[in-house]
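For reference, the structure discussed in these notes is given below.
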There are 2 protein chains.
Amino acid sequence: MNDQQIMDLFHEKGLKITTQRRLISKYILSRTDHPTAEQVYSALEKEYPAISLATVYKTLNLLYKLGIIQELGFGEGPVRYDPNTAVHINMVCTKCGSIIDYRAKDVETWWNELIEKLDAQPVGQRIDIYYLCEKCKKK
Amino acid sequence: MNDQQIMDLFHEKGLKITTQRRLISKYILSRTDHPTAEQVYSALEKEYPAISLATVYKTLNLLYKLGIIQELGFGEGPVRYDPNTAVHINMVCTKCGSIIDYRAKDVETWWNELIEKLDAQPVGQRIDIYYLCEKCKKK
DNA sequence: ACTTAATTAATAATCATTCTCAATTAGGAA
DNA sequence: TTCCTAATTGAGAATGATTATTAATTAAGT
């Protein structure tokens, strides 16, 4: 999903298309590093100084509710946002907190087999692996 | 792992065995409903009124650091604690927040195959499926 | 251009969790 | 058993993340 498609979806749902929503949507879609709301805010502040942190939170929440992005909450620290909603594995470094997506065909295949066995129909999923990333392992 | 084994581990690590730690450990091990720290506190307050919420937080954190329990943070609401550290799926109702563990032999088998393919060695994992539980689906 | 409801910025309020520190206690040593 | 000391605890203050409030602004249909 690209940012234009998101704007179309907003329109379809009767939601207003604002500069802020456009910028936030575009920005989060462009990231693979799972930023926090604060980080999205800091990045956008440079080109759009009037933007407010509350708007960033509200918009990310809206994107989440619309199923466009994933929310990753942890025991500690702020929520991380992931534009990848396909079945994949979040490789989470327990030391530095970096998160990279691991996506493999067989993960998706297995997942589809699994959910077929359930009587429930999932509305989403989350798969995390906690490990030490290369950088942190060296130290 | 039972609570006596946890006490043995505490001893081994040079950690003091207190009434609070005993009660909190025993309680969380007995639950399958993934309670919050607040809920653990409320339950234990009845038989041990002097217990403090800070101690509950600290002890649950300690158990987590020792790898005895799992911490499940979400985008909203408090952290939930899960004494089941085996590979399993957390079935999370997106409406009422109930969490039940889904454990199947093939989940573990597949998981072991998967992590063999990674060059990283995981220190833990988390698998969630978001869905509507039976009760909430009826409404 | 006009209207109006939705959205925004700014900041106060809230919620969950951690921190601080004086008092208490576990558990090893005498 | 009693003593000693460092670890732990309870109580509440402090912090950090997020949400709520509200007056001002703005998107977008008429």
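Only heavy atoms go into these numbers, but all of them, side chains included; no hydrogens, no water, no symmetry mates. All chains are named by letter (A, B, ...) in the order of the sequence lines, taking the proteins before the strands, and each is independently numbered beginning at 1.
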Would you indicate whether the side-chain heavy atoms of [Y] and [X] approach each other to under 4.5 Å?
X: Val123(B); Y: Leu132(A); result: no
X: Lys117(A); Y: Asp106(B); result: yes
X: Val79(B); Y: Leu72(B); result: no

Roughly how far apart are [X] [atom1] and [Y] [atom2], rounded to 0.5 Å?
X: Ile89(B); Y: Ile115(A); atom1: CD1; atom2: CD1; value: 10.0 Å
X: Trp111(B); Y: Trp110(A); atom1: CH2; atom2: CH2; value: 7.0 Å
X: Ile28(B); Y: Tyr64(B); atom1: CD1; atom2: OH; value: 14.5 Å

Query - Heavy-atom contact window of chain B on DNA chain D, given 5' to 3' at under 4.0 Å - result: dA6(D) to dG12(D)
**Report entry** Whichever of Tyr81(B) and Thr19(B) has its nearest DNA chain C nucleotide further upstream toward 5'
**Finding:** Tyr81(B)
Mind listing the N/O atom pairs, protein and nucleotides 27-30 of chain C, below 3.5 Å?
from, atom 1, to, atom 2, distance (Å)
dG27(C), OP1, Ile17(B), N, 2.7

**Report entry** Residue whose nearest DNA chain D nucleotide is more 5′ - Gly75(B) or Arg21(B)
**Finding:** Arg21(B)
Query - Residues in contact with DNA chain C, drawn from residues 49-63 of chain A - heavy-atom cutoff 4.0 Å - result: Ala50(A), Ile51(A), Ser52(A), Ala54(A), Thr55(A), Lys58(A)
Query raised in the report: On the ring face of Phe10(B), is Arg21(B) found with NZ or CZ under 6.0 Å from the centre and within 45° of the axis?
Result: yes
Requested in this report: Using only heavy-atom distances, determine whether the side chains of His88(A) and Asp82(A) contain a donor-acceptor pair under 3.5 Å.
Outcome: yes
Requested in this report: State, to 0.1 Å, how close Gln125(A) and Ala86(A) come at their nearest heavy-atom pair, and which atoms those are.
Outcome: NE2-O, 3.8 Å
Query raised in the report: Where do Met1(B) and Gln5(B) come nearest, in terms of heavy atoms and distance?
Result: CA-OE1, 3.1 Å
Report task. Report which part of the nucleic acid Gln20(A) touches: base, sugar-phosphate, or nothing (heavy-atom distance under 4.0 Å, all strands). Result -> sugar-phosphate
